[in-house]
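Only one structure is covered here, and it is reproduced in the block below.
Chain letters run A, B, ... following the sequence lines, proteins first and then strands; every chain starts at 1.
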Amino acid sequence: MTAAPRMITLASELLGPVPADEHVLQVDDLTVGLRPVAGDSAESIVDGVSLTVAAGRAVGLVGESGSGKTLTALAVAGLLPSAIQVVGGRIELAGREVTGLGERDARAHLAASVGVVFQNPTASLNPRMRIAAQLREALPAGTIRRRARERSADLLRAVGIADVHKTLGAFPHELSGGLNQRVVIAMALARDPKLLVADEPTTALDVSVQAQVLDLIDELRERLGLGVLLVSHDIGVVSDRTDHVYVMSGGRIVESGPTAEVLGDPHHAYTRRLLAATPSRLEPVGVAERGQPVVEPAAPVADQLEVRDVRRTFTVRGSAGRARHVALDGVDLFVTKGQAIGLVGESGSGKTTLARIIVGLERVDSGVVSYEGNPLARHTRAQRRQWRREVQYVFQDPYSSLDPRLTVDRTLREPLEINFPGLSRGDVAARVDSLLDEVELPRAFRDRHPSELSGGQRQRVGIARALATEPSVIIADEPVSALDLSVQARILRLLARLRIERNLTYLFISHDLAVVRYLCEDLVVLREGSVVERGPTEDVLERPASPYTRALVDAIPGRALVRS
Amino acid sequence: MSLVQVTEADGGSAVPTDVGVEAEAGRRRLQRRTIGAGGWVGAGVLVAVLATTLIGPLTSGDPLAQNFDAILRAPSAGHLFGTDELGRDVFVRVVFGGRTALAITVVSAVVASLLGLVLALAGALFGGWVDAVTSRLADVQLAVPSIVLAIVVLSFVGNSFVPIVFVLVLGSWVLTFRVIRGHARAVVAQQYVEAARVAGAGRFGIAWRHLIPSVLPLLAVAFTINASSALLLESSLGYLGLGVQPPDPDWGQMVATGQAQIFTAPWIALFPGLAVVATAVGLQLLGDGLAERFVGGPVTRRGLAR
Amino acid sequence: MNDPDTPTIPGPQPQKTGKPVIHRPSARRRPVVVVALAIAAVLATVLSACGGAAGSADTPTVGDELRLGLSRQITGINPHKGGSPDSSGSIVGSIYESLTQIAPDLSVKPGLATAWTSTDPLTWRFTIRTDSKFSDGSPLTADDVVWNFQQLLNPDYKGTSGAPLRKYLKSVTKVDDSTLQFSLSQPALDLPGRLWTIFIVQPAFAQSHNLDNEALGSGPYKLDELDQENGATLALNTFYAGPKPAFAHVTYTVLASEAQRVAALRAGEQDLILNLDPLDLAQFKDSDTYDTILGVGTQPLTLAINERKTGTPLADPRVRQALNYATDKTTIINSLLQGAVEPLPGQVVYEPYQAQDPSVSAYPYDPEKAKQLLAEAGHATGLTLTVALSSGTYVSQDAATQAIVAQWAKVGVTLKITQQPFPAWLQSQYGPDDAAADFYYIMWGGSFRGDVTGNFGPFRSDHIQSHLRAPEFDDLTTKAQNAATEAEKTTYVDQAVENAHSQAHAIFLYPSPFTGVVSKGLQWTPKPNRYLYAQQVGRAAQP
Amino acid sequence: MSVSQDASAGPAPAPAPWSVPRRRVRAPVSWRYIGGRLATGLVAVWGAVTLVFFALYATGNPAILLVPPDAPPDEILRLTHLMGFDRPLPVQYWNFLTSVATGTFPDSIRYGADPLPIALAKIPASLALGLTGLLVGVLLGGVIGYVSATARSGWLSRVPLGIATGIESVPTFFIGIVLIIVFAVRLGWFPVTSTGDAASMVLPALTLAFAFIPAIARVFRTALLDVLQAEHIRTARAKGLPRHVLVSRHVVANSLGTTLNVVGIQAGVLLGGAVVTESVFGWPGIGQLSINAVQNRDYPLVIVCVLAIAVGFVLINLVVDVVAAVVEPRLRS
């Protein structure tokens with residue numbers, strides 16, 4: 001699925017490129033608010049946003065969640081949810097003011113001039129229609145049936161899909177996310193729009209696929225003279241792909257200008273904070289900060305955790321019969337005490353399965369997992385209890401990893417009561433307090449429910465829970481991937497500090513090489529259930545030995561940002 | 001760069017979408033919600049029915065007292081719901097009939113809910129063959145309409161309290177089972193349950209700490225729905241002559257015996273029938289209210305129970 | 001989605017904000033008001049729909065088709081298996097013929113047989129018609145009749161009508177084409193009457209078809225269609241030798257519940273239905289389309305007594321007499337049966353089956369006497385007894401039983417009712433003494449005047465439904481059955497009647513009321529034994 | 001079992017945003033799948049008939065019903081032996097199982113003939129009534145669900161649903177009585193007693209439909225509301241599709257899967273509701289036959305009726321599963 005599209009002539013090319021710098025989108029003082037419901041006062045969520053997108057240019061709109069960037073994009077595309085409406089300001093698209101038009105005209109004009117690409121490609125496609133039918137719908141009204149098929153095929157070729165006919169006949173769930181995103185882009189292009197609104201188009205995709213999709217958008221932009229409004233929380237992506245950037249926070253635009261200028265020399269404090277939190281910008285935690293090396297390098301190092309030739313196959317059952325999915329195909333892994341190992345790979349590479357096997361949430365088909373030189377299968381009761389206590393897990397999803405019914409206090413008490421049955425009530429309470437201190441949460445939070453906590457705070461509770469049993473090994477599965485950048489940075493620093501203070505061994509799983517680079521000295525790269533490369537982090541990132549790792553490294557967005 | 005930072009700024013939600021903010025607010029609103037007006041009305045109706053059937057017997061007369069001088073009298077101040085072919089007061093009979101109906105309904109709904117709960121939790125926690133066996137049991141139950149099973153059992157075993165409760169339980173435990181099982185399996189797959197396992201919690205610890213508290217609201221919903229389905233089934237059995245035996249009054253049976261006089265003395269069949277409907281509506285509204293409050297959508301009754 | 005475990009139940013509230021919940025138009029406002037309004041509307045409709053005079057909806061006119069209602073499901077139409085007058089029996093009698101038949105006044109009349117004589121107490125000769133034909137046109141011969149009896153006398157034959165025959169009939173032989181000879185093992189003065197239930201089927205057909213739901217007889221009608229659950233349609237037997245019936249097409253419809261019968265009549269869908277609750281007749285009294293029948297039926301109703309249960313107080317005749325005194329028959333009759341009948345005269349037989357014994361009269365209602373007798377028997381503190389009922393089997397039995405419960409309560413006897421479907425009820429009666437209830441309703445009756453077996457049978461200790469211990473009565477009735485002369489028979493019958501009365505082997509209630517609703521367009525002589533033969537229904541003379 | 005969950009279903013543990021399933025093989029519904037469902041169904045059928053067998057055979061002797069009142073007492077024994085009811089229970093059960101397996105049942109007591117054709121002969125009438133009721137119920141329920149999910153006015157979204165909710169609380173027999181009084185006796189539009197023809201089907205079919213409407217309406221409404229919020233609806237809106245296309249092709253079509261599932265479960269209602277409905281109206285179907293068979297203790301016929309109903313339920317569900325897989329492509333893999 002490489003982006004090597006046969007050059008296809010699209011209608012807009014025949015018309016000639018749109019003159020550069022002609023504005024395809026002009027938004028003035030846009031205000032978006034909740035449709036007033038009885039009892040609620042109308043509150044505005046987007047407040048006085050103005051921006052322009054020129055033909056053939058890519059404009060970035062960055063900000064964290066809740067900043068209003070997606071609503072701005074949806075307002076432009078005329079796709080606001082029914083509870084939210086444009087309250088004020090004007091939107092001019094391809095030379096025509098949309099805000100003044102009646103509903104029917106507005107819909108027609110919008111459909112003809114804006115293409116939209118969403119975050120989650122598979123969910124953005126109708127699950128029970130074949131691609132061909134969905135593409136046909138996207139074509140301008142009145143396209144003859146026979147022509148429609150050809151047009152659809154052309155569009156797919158234009159977005160770099162090689163096996164056009166197979167794709168046309170497929171249902172969305174039968175295609176990969178990257179392929180689906182290409183289909184969505186093809187649909188967005190079907191009516192030769194002037195503007196492409198891309199709302200987090202790559203967030204749901206693997207890194208290497210991300211790069212391909214962004215390349216495609218770039219290429220189409222240049223070739224068709226499209227204006228692109230790229231909405232993203234990823235500074236790296238915006239830095240790589242846009243000419244001009246708007247930074248949003250709290251529903252307002254706080255800073256704007258040419259991308260290089262804004263990111264190179266941010267004026268607004270918010271922009272600076274955002275940049276500082278970019279993983280690539282985080283300073284690796286050095287030996288100096290860590291203090292003395294935890295383990296004497298000279299001492300004979302015994303592996304604390306040992307994984308030998310582990311295999312695991314899943315059987316996927318469906319109405320069409322069974323399918324086998326090989327998750328792990330003979331993986332070896334050795335973790336010595338005090339080490340921090342990063343486990344990277346794309347989705348489906350088996351990294352999560354491996355982590356779950358190590359903590360006993362998943363069984364192996366074959367192979368041996370040992371703790372402190374002793375295979376798990378041969379543990380005595382006491383050994384098993386010790387392993388259970390000492391190897392802890394931090395979950396990816398801060399939302400589902402906390403029981404919504406339990407307060408922070410009860411969540412933290414659970415492991416204490418199980419593992420230290422001798423503790424008095426007072427002791428337990430004291431321990432809960434000190435755990436909260438350790439993860440930098442106010443003690444008053446102990447009576448809160450998860451719904452009263454932000455994502456970052458929840459993840460801190462999750463970390464505190466893992467620390468409660470006084471573990472020596474922490475296995476963390478994408479602990480920051482669900483968090484906003486600034487929060488992500490703070491959690492990463494917390495993890496780094498805890499490692500030093502508690503002398504912890506880390507097995508850190510991530511798809512984000514930048515994040516791993518910050519926290520881990522050693523790196524293991526997994527691909528389709530096998531280890532393709534391992535070694536010190538810097539070595540692997542600077543001089544990747546396998547082409548796969550190289551592709552991964554190259555795909556990291558925002559390299560320019562790091563060097564700047 | 002200080003390692004310790006103020007954490008209040010840990011804002012933001014997991015998925016970078018602005019709409020999330022709105023959803024968050026929506027969820028808060030949702031949590032504030034109670035069982036809603038309908039739920040309260042349902043609860044009110046039930047309390048009224050319960051009060052009448054529990055307190056009524058203390059004040060009103062004998063449901064079996066016959067008065068051949070006042071046969072088939074229309075509703076009046078003296079006989080609120082009129083009298084039947086034996087001169088018995090229909091109101092008193094409806095009140096007493098309610099006692100039987102409600103006792104049977106409540107007992108069988110409790111037993112059905114507990115049975116469904118235990119089997120569902122066992123299936124969710126132990127998985128494997130336990131889950132397979134309990135699920136097959138549910139399939140077997142579903143393959144025969146409960147009314148058919150009830151008719152078979154009752155007409156051959158006899159129709160006293162225990163067999164009636166037995167068939168009603170047989171007819172409605174599957175609803176609780178499937179509702180709870182689906183939920184429990186989803187909960188068991190949640191990361192917080194895995195977190196508890198990693199923390200060393202055993203099956204019963206997980207059940208006690210996480211599973212049972214989380215299914216309780218659902219159990220309440222399932223209970224009201226079980227109760228209303230048991231009530232309807234019980235009245236159907238009574239109507240077919242397989243329920244509580246005369247002369248003890250029972251709503252369904254009263255409808256059946258009064259049906260012949262429906263053109264000349266409609267009150268005999270109508271009021272017990274309306275009593276069934278009112279109670280069922282009460283349970284239904286309460287169940288819907290609870291379902292909206294705790295589950296976020298409807299749980300269909302007949303769909304599962306029958 | 002395919003997983004049946006979570007079909008419509010959204011699981012735990014999703015904790016992720018991934019899917020914004022925004023547009024839910026009034027999803028949570030429960031339409032309470034609407035429900036209330038809907039109920040009110042239904043109530044109003046029903047109330048307005050009820051009441052009003054019957055038959056005002058439309059006026060049924062009797063058409064080409066005769067529509068007869070049956071009050072019980074058809075249990076097959078095998079002529080050799082007997083059948084209830086309320087279902088199978090009526091159909092069988094319209095399709096088949098027997099040697100004799102019973103007139104509405106219960107006298108025995110010629111059928112296939114035109115004459116009969118008894119040469120000695122154990123030998124009878126029957127002269128049969130030679131012009132009878134089955135509905136396929138084949139003639140009905142003396143050989144056919146002999147064949148039918150031979151089948152029934154064979155102990156391995158499935159047809160159950162043969163069982164009583166085998167007790168007294170040795171053989172049936174053909175003398176000539178129109179004469180049959182019956183050889184008996186016991187005298188039977190009432191033999192011609194007894195033979196009315198032996199219907200003659202065509203032998204070849206019987207051997208090749210399932211008689212339970214197919215028929216080939218020589219009666220006035222032939223079977224057109226049969227649905228044992230819902231009824232049957234009959235068409236004329238064009239080969240029938242007798243007078244042509246008034247209707248060419250007949251539909252028998254099973255209307256098993258009182259409510260169905262009332263509704264069908266009110267909708268004008270039936271021409272003739274028997275067995276309505278006397279209370280329900282009132283609504284058809286002023287009808288333009290229907291006449292009502294409220295009279296005395298042929299079957300006396302009693303509460304049969306289980307005297308053989310271990311340790312039962314009912315073994316004591318004083319208790320049985322006490323309960324007879326404690327039962328207020330008149331009140332029940334006046335309130336429930338619209339005063340249609342008189343209490344039974346304390347006899348197990350009565351007119352029109354048997355001349356009434358003037359020396360025996362009904363137990364009067366006398367609760368004081370009842371209490372006294374109970375006290376004498378040592379039950380001053382009270383008794384608890386059970387009665388088994390089968391819903392809808394006998395007219396007004398549910399209400400009457402409940403009245404009896406109330407009456408007996410006044411003398412300290414608690415009577416508990418067990419209501420069972422008919423088969424289960426039958427089964428518990430046929431079962432062992434200790435499993436049966438203390439009382440159960442029986443409505444019995446012979447089929448014709450002088451039918452000793454039919455009338456006394458249920459009160460004999462050896463009857464299949466009986467739980468009595470009545471050796472004297474058994475002896476007397478056996479003698480009556482075997483009597484060689486009418487005088488001898490009458491003597492024994494009277495003695496038996498007196499014995500049953502004094503020993504109180506039953507709680508004597510009243511004769512069953514005979515009720516019916518008949519279209520004014522019909523001409524029908526009420527037949528109190530409830531057999532509803534289509535050929536006996538005629539058209540009313542046009543005014 | 002659990003395949004990719006639709007928005008309305010329970011919360012599968014939320015997958016990481018990037019762990020979108022990579023590749024799934026497309027295949028139609030396989031015979032193996034159908035076989036599996038049938039095997040499960042077979043177990044259910046076996047359980048059902050076994051339950052009924054023991055309820056029947058452990059409690060009584062049907063021979064009694066055949067005995068005429070004037071027969072000698074030993075007639076019961078004779079018939080009992082003739083019919084094999086005096087054999088030990090395990091032997092009877094074994095004979096029973098073989099008879100079920102081979103389809104050769106002992107003669108019906110009331111009919112004196114093979115009960116299988118008797119029961120089968122009743123199925124067309126039941127099917128006609130059931131399918132009509134189902135069709136009417138699904139249509140009415142669908143319309144109510146659709147209106148209440150999409151109506152802008154508060155009343156439209158509440159009134160029909162409210163009525164449906166009310167109906168759900170009315171016992172089937174009561175609905176039947178009301179319909180008979182109003183439409184058969186008072187108005188005389190339809191006959192009181194069923195003859196099996198179209199006119200006499202109206203009232204029972206309506207009664208049966210009332211049993212479906214509430215569940216269908218509510219589930220369809222929920223499904224619609226869920227789909228209305230799905231992301232792909234936003235994509236479809238972006239195409240500028242006319243509202244009716246959007247609604248029919250995208251919203252309604254995607255709500256059918258969930259709704260179909262409920263229709264499948266409602267098959268139980270169809271069969272169970274039919275029992276009461278057929279009794280109330282005297283509809284000549286298998287529901288009425290089975291009640292009468294039970295009341296007459298016609299054991300072989302009861303068994304065959306239960307067998308037919310259970311098999312019918314399994315088959316209906318299989319059909320629904322297959323249709324759901326056709327409607328819902330995600331279920332195929």
Side-chain angles (χ1 to χ4, degrees), chain A residues 34 45-46 64-72 74 81 83-84 119 200 203 233 283 359-361 385 388-389 391-393 395-403 405-406 411 414-415 418-419 440-442 451 454-457 460 462 465-466 468-469 482-484 486-487 490 493-494 496-497, chain B residues 1-33 127-128 183 186-218 294:
Chain A
L34 281 178
I45 309 169
V46 172
E64 291 185 293
S65 42
S67 63
K69 58 187 193 304
T70 289
L71 281 184
T72 306
L74 290 180
I84 297 174
Q119 174 185 332
E200 306 273 6
T203 312
H233 71 294
E283 289 297 319
V359 288
L361 287 174
R385 207 171 299 137
R388 188 28 95 226
R389 195 169 60 71
V391 181
Q392 285 296 313
Y393 200 79
F395 290 87
Q396 171 197 345
D397 183 352
Y399 287 88
S400 85
S401 64
L402 297 183
D403 189 334
R405 276 157 213 86
L406 300 189
T411 297
E414 182 176 18
I418 292 169
N419 288 289
E440 300 151 18
L441 283 175
S451 60
S454 70
Q457 288 163 347
R460 284 173 196 267
R465 175 177 54 195
T469 61
L483 303 174
D484 265 342
S486 53
V487 185
R490 286 195 290 275
R493 286 197 199 96
L494 170 69
R497 178 174 63 78
Chain B
M1 190 184 299
S2 160
L3 282 174
V4 180
Q5 288 211 339
V6 188
T7 53
E8 280 86 87
D10 276 10
S13 57
V15 179
T17 154
D18 299 27
V19 186
V21 179
E22 216 279 326
E24 184 76 37
R27 210 172 57 234
R28 292 229 177 90
R29 273 205 294 276
L30 198 126
Q31 281 166 348
R32 269 209 311 271
R33 241 178 39 232
H183 180 90
V187 169
V188 165
Q190 293 280 315
Q191 289 186 353
Y192 60 78
V193 171
E194 298 197 325
R197 280 170 65 193
V198 173
R203 283 200 179 101
F204 292 102
I206 287 170
W208 180 247
R209 242 184 271 259
H210 300 283
L211 221 44
I212 292 179
S214 113
V215 300
L216 277 183
L218 209 58
F294 293 114

message: Could you measure the distance from the CD atom of B/Gln190 to the CZ atom of A/Phe395? Nearest 0.5 Å is fine.
response: 11.0 Å
task: Work out which heavy atom in A/Val391 is nearest to a heavy atom in B/Val198; give both atom names and the distance.
output: O-CG1, 4.0 Å
Shortest non-hydrogen separation from A/Ser401 to B/Tyr192 and the atoms involved: O-CB, 3.2 Å
Test side-chain contact (heavy atoms from CB on, under 4.5 Å) applied to A/Leu406 and B/His210, step by step: CA-CA 8 Å; A/Leu406 300 189; B/His210 300 283; 3.7 Å; yes
- prompt: Most heavy-atom pairs under 4.5 angstrom with chain B, which of A/Thr469, A/Thr411, A/Asp403?
  reply: A/Asp403
message: What's the separation between atom CG in A/Leu361 and atom CD in B/Glu194, rounded to the nearest 0.5 Å?
response: 4.5 Å
- line: On a heavy-atom basis, the closest approach of A/Glu414 and B/Ala201 is OE2-CB, 4.0 Å
field: Pair B/Arg209-A/Ile418, side-chain contact (heavy atoms from CB on, under 4.5 Å): steps then yes or no
entry: CA-CA 12 Å; B/Arg209 242 184 271 259; A/Ile418 292 169; 3.9 Å; yes
query: Given a strict heavy-atom distance threshold of 4.5 Å, which part of A/Asn419 is in contact with chain B: side chain, backbone, both, or neither?
result: side chain
query: chain B heavy atoms under 4.5 Å from A/Arg465: which part of the residue, side chain, backbone, both or neither?
result: side chain
